[in-house]
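Below is one structure, written out as structure tokens; comments come after it.
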There are 4 protein chains.
Amino acid sequence: MAFDTADQATADHATTGNIAADRLKSIVERIERLEEERKALASDIKDIYSEAKSAGFDVKVLRQLIRMRKQEPAEVEEQEMLIDVYRRALGMA
Amino acid sequence: MAFDTADQATADHATTGNIAADRLKSIVERIERLEEERKALASDIKDIYSEAKSAGFDVKVLRQLIRMRKQEPAEVEEQEMLIDVYRRALGMA
Amino acid sequence: MAFDTADQATADHATTGNIAADRLKSIVERIERLEEERKALASDIKDIYSEAKSAGFDVKVLRQLIRMRKQEPAEVEEQEMLIDVYRRALGMA
Amino acid sequence: MAFDTADQATADHATTGNIAADRLKSIVERIERLEEERKALASDIKDIYSEAKSAGFDVKVLRQLIRMRKQEPAEVEEQEMLIDVYRRALGMA
DNA sequence: CAAGAATTATGAACCC
DNA sequence: GGGTTCATAATTCTTG
């Protein structure tokens with residue numbers, strides 16, 4: 001460590017420094033590992049969308065559908081109603 | 001179009017419709033399952049950041065650190081690609 | 001809610017509705033106008049890239065060059081920020 | 001220039017080099033200028049969305065509306081129909 | 001037209 | 001809790 005000479009360093013300083021460095025290393029490694037897994041899952045999801053496309057489904061619509069399923073039905077209803085209101089306000093059929 | 005909506009559909013159409021509907025269900029369910037897992041991982045990552053914060057680390061720095069570790073290989077690659085393509089653009093290979 | 005849809009609305013409601021509808025129209029029209037201009041600019045940029053290609057330049061290199069000219073200041077800034085925040089994280093200021 | 005010694009260089013090489021360099025410079029500058037303008041417009045658009053939000057409009061719905069106005073009505077119809085079909089296939093009301 | 005990059009939009013997190 | 005920045009998702013555009 002840069003600020004400790006061998007004989008002047010207290011046990012405490014050395015220990016604290018090492019502990020912090022080890023802790024940091026552990027944190028970074030765990031996060032990076034989980035991010036790898038996340039990335040793998042994202043890739044799997046992408047593959048399924050490709051499969052869906054090949055099977056003739058409209059991917060854009062599929063995404064919208066899945067987004068809707070995450071929302072409360074009331075929320076979906078509310079948004080659809082609002083779109084409608086705005087459309088009429090602009091004279092869009 | 002992936003499936004049929006007419007209720008007067010012939011047996012063939014209906015069958016096709018069912019097959020497509022089953023396929024769609026399968027696709028949606030698999031995607032939703034993977035997204036759940038993704039969400040769980042995101043939550044785990046968040047927990048580690050919280051832990052890091054409690055341990056006295058600066059979360060913003062940590063994030064940037066991890067981002068930079070990710071980018072470094074990409075940047076090296078990018079530079080090499082650029083040099084390569086410059087050569088070609090200048091007719092040096 | 002921004003405006004009213006009931007056709008039995010009182011004069012007040014109706015007025016509010018009209019005002020809101022006019023406001024909405026104004027907003028939408030202004031946004032669409034600006035988006036048109038944006039699109040025109042994008043088209044102009046595309047033309048210049050075509051011209052560059054015709055003149056024998058490698059468009060991919062060109063794009064990367066321009067990207068890098070944009071990023072450089074941001075990167076410098078980012079580095080400075082990181083150093084700064086590291087200092088704080090390490091209790092050096 | 002790296003590959004020309006002063007006395008061996010032909011006038012042609014030098015000229016070609018200058019012309020190319022000037023041309024490149026012109027191209028880069030024009031593109032960067034147009035991109036600046038584009039950026040300014042993007043900022044203006046953002047401001048209008050802010051204004052809309054302050055006026056009580058739902059920005060997300062507003063964006064969707066503007067997206068729809070860019071499409072052909074038939075296309076909009078088609079997508080809405082498709083969503084509906086998928087929803088029913090999944091038993092979503 | 002399919003793959004991949006780049007832009008844009010949405011959603012989450014943090015600070016005030 | 002509101003608003004602003006940051007991170008992720010999604011669409012659009014480009015290129016092979």
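Labels below follow one simple rule: chain letters A, B, ... track the order of the sequence lines, proteins then strands, and each chain is numbered from 1.
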Response to the item:
Here the distance between atom P of dC6(F) and atom CG of Asp58(B), to the nearest Å, is 13 Å
Worksheet item: Just checking Val59(C): base, sugar-phosphate only, or nothing, at a heavy-atom cut-off of under 4.0 Å?
Response: sugar-phosphate
Worksheet item: CE of Met81(B) versus C1' of dT15(F): gap in Å, rounded?
Response: 12 Å
Discussion item. On DNA chain F, does the nearest nucleotide to Gln64(A) precede the nearest nucleotide to Lys70(B) from the 5' side, or the other way round? Give the residue.
Written reply: Lys70(B)
Discussion item. I'd like to know if the side chain of Ser54(A) and the backbone of Ser50(A) have a donor-acceptor N/O pair within less than 3.5 Å.
Written reply: yes
Discussion item. If you compare every side-chain N and O of Arg63(C) against the phosphate oxygens of dA6(E) (OP1, OP2), does one of them come in below 4.0 Å?
Written reply: no
Worksheet item: To the nearest angstrom, how far is Gln79(A) atom CD from dG11(E) atom C1'?
Response: 13 Å
Worksheet entry | Pair Lys70(B) + Glu35(A), salt bridge at N-O below 4.0 Å | yes
Worksheet item: How many Å lie between CD1 on Ile66(C) and P on dA6(E), as a whole number?
Response: 12 Å
Worksheet item: Atom OH of Tyr49(B) to atom P of dC14(E): distance rounded to whole Å?
Response: 11 Å
Item to complete: Verify the contact: side-chain N or O of Arg67(B) to OP1 or OP2 of dA7(F), cut-off strictly under 4.0 Å; return yes or no.
Response: yes
Discussion item. Hydrophobic cluster membership, with links at side-chain heavy-atom distances under 4.5 Å among I/L/V/M/F/W/Y: are Phe57(C) and Ile19(D) in one?
Written reply: no
Discussion item. Classify Lys60(C) by what it touches in the nucleic acid, base, sugar-phosphate, or nothing, heavy-atom distance under 4.0 Å.
Written reply: nothing
Item to complete: Write down the distance between CD1 (Ile45(C)) and P (dT12(F)), rounded to a whole number of angstrom.
Response: 19 Å
Worksheet, complete the sentence: Rounded to whole Å, the NZ-C1' distance (Lys53(C) to dT15(F)) equals 8 Å
Discussion item. If you assign Glu35(A) and Lys46(C) each to the DNA chain F nucleotide with the nearest heavy atom, which residue ends up on the more 5' nucleotide?
Written reply: Glu35(A)
Item to complete: Report, as yes or no, whether the 6.0 Å neighbourhood of atom CD on Glu32(D) holds more than 12 heavy atoms from other residues, nucleotides or ligands.
Response: yes
